[in-house]
Amino acid sequence: MIPAAGAGDCAPHWPRRLTVLGATGSVGRATLEVVAEDPGRFEIEALTAHRRAGELARLARRHRARLAVVADPAAYGELREALAGSGIEAAAGPRAVVEAAMRPSELVMAAIVGAAGLEPTLAAVRRGAVVGLANKECLVSAGELFVREVATHDAVLLPVDSEHNAVFQALAGNPRRHLERIVLTASGGPFRTASREEMARATPDRALAHPNWRMGAKITVDSATMMNKGLEIIEAHHLFGLDERAIEVVVHPQSVVHGLVVFTDGSVLAQLGPPDMRVPIAHVLAWPSRLATGVARLDLVALGRLDFEAPDPARFPALTLAREALRRGGGAPTVLNAVNEIAVEAFLAGRIGFLDIARTVEEALATPLAAVRPGTLEEVLRLDAEARTWTRRRLRLAGQHGSADRA
Ligand SMILES: NC(=O)c1ccc[n+]([C@@H]2O[C@H](COP(=O)([O-])OP(=O)(O)OC[C@H]3O[C@@H](n4cnc5c(N)ncnc54)[C@H](OP(=O)(O)O)[C@@H]3O)[C@@H](O)[C@H]2O)c1
């Protein structure tokens, strides 16, 4: 599924036709920034967004996209108006996003946030496209099914998440039998040194103040709870076919070493780079070649030191919960992901406390929902919807009794 990283510097065919799902987001915009550095190499087939039609139209005009799609039908009028006279096709609705992914681009950047990215990303997989996978939630939510579809349709998955991209690069074509384990690094987020009491009082603004990375709100909160690293363990399991015990997490506050591969002879290969998503994005856009980027270069002397710490499971229970969901398999990761998405939304809306996020996920994993074993995409989507409904009910109940944000 993941191609051999050392597939050689065979000249890719340029220009490459590219579709960006989630073009208005942090990864989507970074993708288009890389494209703008060398515009002759890319033709933009389609760009999609949720409802930020004005921003989508601006990007579509700037990059001469053929098609622009908003998932929210209510944003269609604004999109059409903003594209008037441009010759760019406009469309709206979740089905139109799926259809955008089906259009004949060679490379699809899957950068929608959350399980909303699942169906469009699968549509790209099912036509055998090369998919740059930023959207980790779709692999968490429907991992086994997703991996099966990739294999059935001979699609190629290229990891965009910086840690997985680092592992992909460090594997460098080595046979899988020589691989002992991988190490994913975590920045530790804004609460790396905070006590449970401080975390219990955390506001959305505090949680959104990430020390190293500028990302969308959902992944930034996931980073603060370390659920992001939990989701990444599940993502790595599916991408690299590794047992959960062979995926280690190490806190590395400088976010310079992104991922490491430990081989059976004791050699460790790592990928380093500045904490800038344009680096893994450029790697994926040009794979198996490379693009020149204007990203600031690492200055190791100025950096001076690289620190590593063990994660603290008592302050960051989300990591343990994700490992448990992965070990249980079936629908447990689907439930973990769906409940986390709703809980993060509720936290950002000021309805629950920061510690309630992991607590709600823990409660959900103890319900019969987490024991369901979905076998088809429809069953995954049904379970995802049921878990969301359960969470909304649970959080309303918690609100009536006063959210118990205990330390
Ligand atoms: N940001 C990073 O540095 C980073 C790094 C590694 C992995 N990732 C992963 O990449 C994905 C995107 O993250 P991000 O930080 O770029 O997110 P983001 O900034 O919040 O952007 C999300 C994108 O998805 C669109 N979207 C949201 N809900 C949608 C829906 N229901 N249907 C269709 N489109 C929808 C948004 O459109 P609107 O703008 O119209 O709302 C936007 O274009 C996530 O899975 C994240 O975990 C991100």
Original post:
If every non-hydrogen atom of Gly216 is compared with every non-hydrogen atom of Ser26, which pair is closest and at what distance?
Top reply: N-CB, 3.7 Å

Subject >> Between His252 and Ser187, a side-chain donor and acceptor under 3.5 Å >> reply: no

**OP:** Classify the angle between the aromatic ring planes of Trp287 and Phe168 as parallel (below 30°), tilted (30 to 60°) or perpendicular (above 60°).
**Re:** tilted

Original post:
Is Arg328 salt-bridged to Glu324, cutoff N-O under 4.0 Å?
Top reply: yes

Original post:
Are Glu379 and Arg382 close enough for a salt bridge, meaning some N to O gap below 4.0 Å?
Top reply: no

Subject >> salt bridge (Lys or Arg N to Asp or Glu O under 4.0 Å) partners of residues 71-81, not counting sequence neighbours, each pair once >> reply: Arg51-Asp72

Original post:
Asp205 and Thr203: side-chain hydrogen bond (donor to acceptor under 3.5 Å, both in side chains), yes or no, with the steps?
Top reply: CA-CA 5 Å; Asp205 280 352; Thr203 59; 5.5 Å; no

Subject >> Criterion side-chain contact (heavy atoms from CB on, under 4.5 Å) against His283, the qualifying member of Arg278, Gln169, Gln271 >> reply: Gln169

Original post:
Which heavy atom in Asp356 sits nearest to a heavy atom in Thr360, and how many Å separate them?
Top reply: O-OG1, 2.5 Å

**OP:** Run the salt-bridge test on Arg103 and Glu89 with the 4.0 Å N-O cut-off and return the result as yes or no.
**Re:** yes

Original post:
Has Glu362 got more than 12 heavy atoms of other residues, nucleotides or ligands less than 6.0 Å from its CD?
Top reply: no

**OP:** Indicate whether the side chain of Thr264 and that of His178 have a donor and an acceptor atom separated by less than 3.5 Å.
**Re:** no

Original post:
Passes side-chain hydrogen bond (donor to acceptor under 3.5 Å, both in side chains), His210 versus Ser223? Steps please.
Top reply: CA-CA 8 Å; His210 197 285; Ser223 189; 3.0 Å; yes

Original post:
For Arg297, does the CZ atom sit with more than 12 other heavy atoms under 6.0 Å from it, leaving out its own atoms?
Top reply: yes

Original post:
side chain to side chain donor-acceptor pair (under 3.5 Å): which pairs involve residues 59-69, sequence neighbours left out?
Top reply: Glu45-Arg66

Subject >> Side-chain heavy-atom pair Pro253, Pro211 within 4.5 angstrom cut-off >> reply: no

Subject >> Other residues, nucleotides, ligands: >12 heavy atoms within 6.0 Å of Glu363 CD >> reply: yes

Original post:
Between Trp390 and Arg388, is there a cation-pi geometry (under 6.0 Å to ring centre, at most 45° from the normal)?
Top reply: no

Subject >> Value rounded to 0.5 Å, distance of CD in Gln254 from CG in Asn212 >> reply: 8.0 Å

Original post:
When rounded to the nearest 0.5 angstrom, what distance separates CG in Leu377 from OG in Ser141?
Top reply: 9.0 Å

Original post:
Of all heavy-atom pairs between Leu285 and Trp14, which one has the smallest distance, and what is that distance?
Top reply: O-CH2, 4.1 Å

**OP:** Carefully, step by step, assess Arg127 and Ser105 under the rule side-chain hydrogen bond (donor to acceptor under 3.5 Å, both in side chains).
**Re:** CA-CA 10 Å; Arg127 65 174 178 81; Ser105 60; 3.1 Å; yes

**OP:** Could you grab the distance from atom OG1 of Thr391 to atom CD of Glu386, nearest 0.5 Å is fine?
**Re:** 11.5 Å

**OP:** With rounding to the nearest 0.5 Å, note down the distance linking CG in Asn165 to CG in Leu133.
**Re:** 11.5 Å

**OP:** With rounding to the nearest 0.5 Å, note down the distance linking CG in Asp243 to CG in Leu326.
**Re:** 8.0 Å

Subject >> Aromatic ring proximity Phe316/Phe191, centre distance under 6.0 Å >> reply: no

**OP:** Can you measure from CG (Leu157) to CD (Glu235) and round to the nearest 0.5 angstrom?
**Re:** 9.5 Å

